[in-house]
K.L.:
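Before I ask anything, here is the structure I am working with.
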Amino acid sequence: MALDTTVQRRMALGRARDERMRALAWAVLGLILLGLSAAAGSRISGATADEEAFLAARPCVETEAARVTEDCLHTIRATVLSAQNAKSGPKGVSVFRIRLRAPVPAPADQPFDLNSNGDLAYLVKPGEEVEVTTWRGVQVSVRQDGVSETLPGLPDEATMYVGLTLVVVWTTALAFVAAFGGVRRAGRLTTGRPVTPRVGFGWGKALAVLIVPLVVSFLCMTLWDAWTAAAMTVAIWALIAFPATYAALRWDRDE
């Protein structure tokens, strides 16, 4: 009996040592994720400021247009050099690519891709004149004969940076919770007290951590602009994340 007790004691101490090592690994991972969340969060302010500046931008007046002021919408009238269907990106997406005849100021001197099934794809021909609107070196839209198409890549995705940051923040919190649980289990094993089993973290919970913040941020981006969308993303995410995390930590635990 004494031998069995000694063996059980050694096994408990070995399990406690393993729990401490797991807790250390989770803590290190949490610190790494904390740095990543800080790096991702630092981009939110700049992205939101750019979005606000773009939303507040107005067409340039003549004196501003002459100086190509960055904070106003600059309209460039130019002749089309070529307009044809092309493939874009590694997936070979079909686009309608337009090149303007030189000389034209940047960024209109670069080719730009329109929707291959858009109205302009059937209207624009080489030798015709189009209007290209730019802002801070970004191509905003193309217009011809009253038909306009907005180009992708505009500063309207600041809220998605919030969603990505929240993914890392949530993962960081779970890593520190796991580290705390490991330390607690190690202490209970060392003193011979009953140990609460570890909470499993399957694919369902992992996908929830990734999907929920991104879905919330996308929905907020469609309803609000700039800082309002960012704040609502955090608020709605918090209402979901905290109860969900608490429920996950209590799931399948011994009563």
K.L.:
Between P126 and A83, which heavy-atom pair has the shortest distance, and what is it?
P.N.:
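So the two residues come closest at CG-N, 4.0 Å.
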
K.L.:
Any side-chain heavy-atom pair from V138 and F54 closer than 4.5 angstrom?
P.N.:
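With C-beta onward as the side chain, the pair stays apart.
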
K.L.:
Within a 6.0 Å radius of atom CZ on F176, are there more than 12 heavy atoms belonging to other residues, nucleotides or ligands?
P.N.:
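Counting other residues, nucleotides and ligands, CZ of F176 exceeds 12 neighbours.
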
K.L.:
Taking all atoms of both residues into account, what is the closest heavy-atom pair of W170 and P213, and its distance?
P.N.:
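What the structure gives for the nearest pair is CE3-CG, 4.0 Å.
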
K.L.:
Please find the pair of heavy atoms, one from P155 and one from W135, that lie closest to each other, and give the distance.
P.N.:
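Reported closest heavy-atom pair: CG-CZ3, 3.6 Å.
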
K.L.:
Any sub-3.5 Å donor-acceptor pair from Q139's side-chain atoms to P107's backbone N or O?
P.N.:
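Judged by distance alone, yes, a pair lies under 3.5 Å.
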
K.L.:
How long is the span from the OG1 atom in T233 to the CE atom in M160, to the nearest 0.5 Å?
P.N.:
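Taking OG1 in T233 and CE in M160, the distance rounds to 9.0 Å.
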
K.L.:
Do Y122 and N117 have side-chain heavy atoms sitting under 4.5 Å apart?
P.N.:
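Of all side-chain heavy-atom pairs linking N117 with Y122, at least one is under 4.5 Å.
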
K.L.:
Identify the two heavy atoms, one from A47 and one from Y161, that lie closest to each other, and give their separation to 0.1 Å.
P.N.:
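Between these two residues, the closest heavy atoms are CB-CD1, 3.7 Å.
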
K.L.:
OG1/T150 to CZ/R143 distance, rounded to the nearest 0.5 angstrom?
P.N.:
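Reported value, rounded in 0.5 Å steps: 10.5 Å.
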
K.L.:
For the pair D50 and R136, evaluate side-chain contact (heavy atoms from CB on, under 4.5 Å) and give the outcome as yes or no after the intermediate values.
P.N.:
CA-CA 10 Å; D50 287 343; R136 289 190 181 181; 3.0 Å; yes

K.L.:
Tell me whether L36 is reachable from I44 by hopping between hydrophobic residues (I, L, V, M, F, W, Y) whose side-chain heavy atoms are closer than 4.5 Å.
P.N.:
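Per the 4.5 Å side-chain linkage, I44 and L36 are not co-clustered.
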
K.L.:
Report the distance from atom CZ of F242 to atom CH2 of W237, rounding to the nearest 0.5 Å.
P.N.:
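Separation between the atoms: 5.5 Å.
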
K.L.:
Under a 4.5 Å side-chain heavy-atom rule over Ile, Leu, Val, Met, Phe, Trp and Tyr, are L223 and V234 clustered together?
P.N.:
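Linked, L223 and V234 end up in one cluster.
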
K.L.:
Supply the atom-to-atom distance R20 CZ to R17 CZ, rounded to the nearest 0.5 angstrom.
P.N.:
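Separation between the atoms: 9.0 Å.
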
K.L.:
What are the two closest non-hydrogen atoms of S94 and S116, and how far apart are they?
P.N.:
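Where S94 meets S116 most closely, the heavy atoms are O-OG, 3.5 Å.
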
K.L.:
Rounded at 0.5 Å granularity, tell me how far OG1 in T172 sits from CG in L166.
P.N.:
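Reported value, rounded in 0.5 Å steps: 11.0 Å.
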
K.L.:
Any heavy-atom pair between the side chains of I76 and P105 that's under 4.5 Å?
P.N.:
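Yes, side chains in contact.
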
K.L.:
OG1 of T159 to CG of L164: how many Å apart, nearest 0.5 Å?
P.N.:
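If we round to the nearest 0.5 Å, T159:OG1 and L164:CG are 11.0 Å apart.
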
K.L.:
Quick one: does any side-chain atom of R58 pair with a main-chain N or O of A56 as donor and acceptor, under 3.5 Å?
P.N.:
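Yes, R58 side chain to A56 backbone: donor-acceptor pair under 3.5 Å.
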
K.L.:
Under a single-linkage definition using a 4.5 Å side-chain heavy-atom cutoff for Ile, Leu, Val, Met, Phe, Trp and Tyr, are L151 and L123 assigned to the same hydrophobic cluster?
P.N.:
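Yes, because L151 and L123 connect within a single hydrophobic cluster, where side-chain heavy atoms sit under 4.5 Å apart.
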
K.L.:
Cluster question for you: counting only ILVMFWY and a side-chain heavy-atom cut-off of under 4.5 Å, with indirect links fine, are V216 and M232 together?
P.N.:
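Yes.
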
K.L.:
State plainly whether one hydrophobic cluster holds both L114 and V93, where clusters connect Ile, Leu, Val, Met, Phe, Trp and Tyr through side-chain heavy atoms under 4.5 angstrom apart.
P.N.:
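As far as the 4.5 Å side-chain criterion goes, V93 and L114 are not connected within one cluster.
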
K.L.:
For A226, does its backbone N or O pair with a side-chain atom of E51 as donor and acceptor, under 3.5 Å?
P.N.:
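Flag set: sc E51 to bb A226 pair under 3.5 Å.
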
K.L.:
Checking side-chain contact (heavy atoms from CB on, under 4.5 Å) for the pair L81/L100: CA distance, chi angles, key distance, verdict?
P.N.:
CA-CA 5 Å; L81 176 64; L100 300 180; 5.9 Å; no

K.L.:
Over all heavy atoms of both residues, which pair between L174 and V209 is shortest? Give the atoms and the distance, please.
P.N.:
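Scanning both residues, the minimum pair turns out to be CD1-CG2, 3.7 Å.
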
K.L.:
Is it true that a side-chain atom of E149 and a backbone atom of N115 form a donor plus acceptor pair closer than 3.5 Å?
P.N.:
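The answer is yes, because a donor-acceptor pair under 3.5 Å joins these two groups.
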
K.L.:
S45 vs W227, test: side-chain contact (heavy atoms from CB on, under 4.5 Å). Steps then yes/no.
P.N.:
CA-CA 9 Å; S45 179; W227 283 113; 4.1 Å; yes

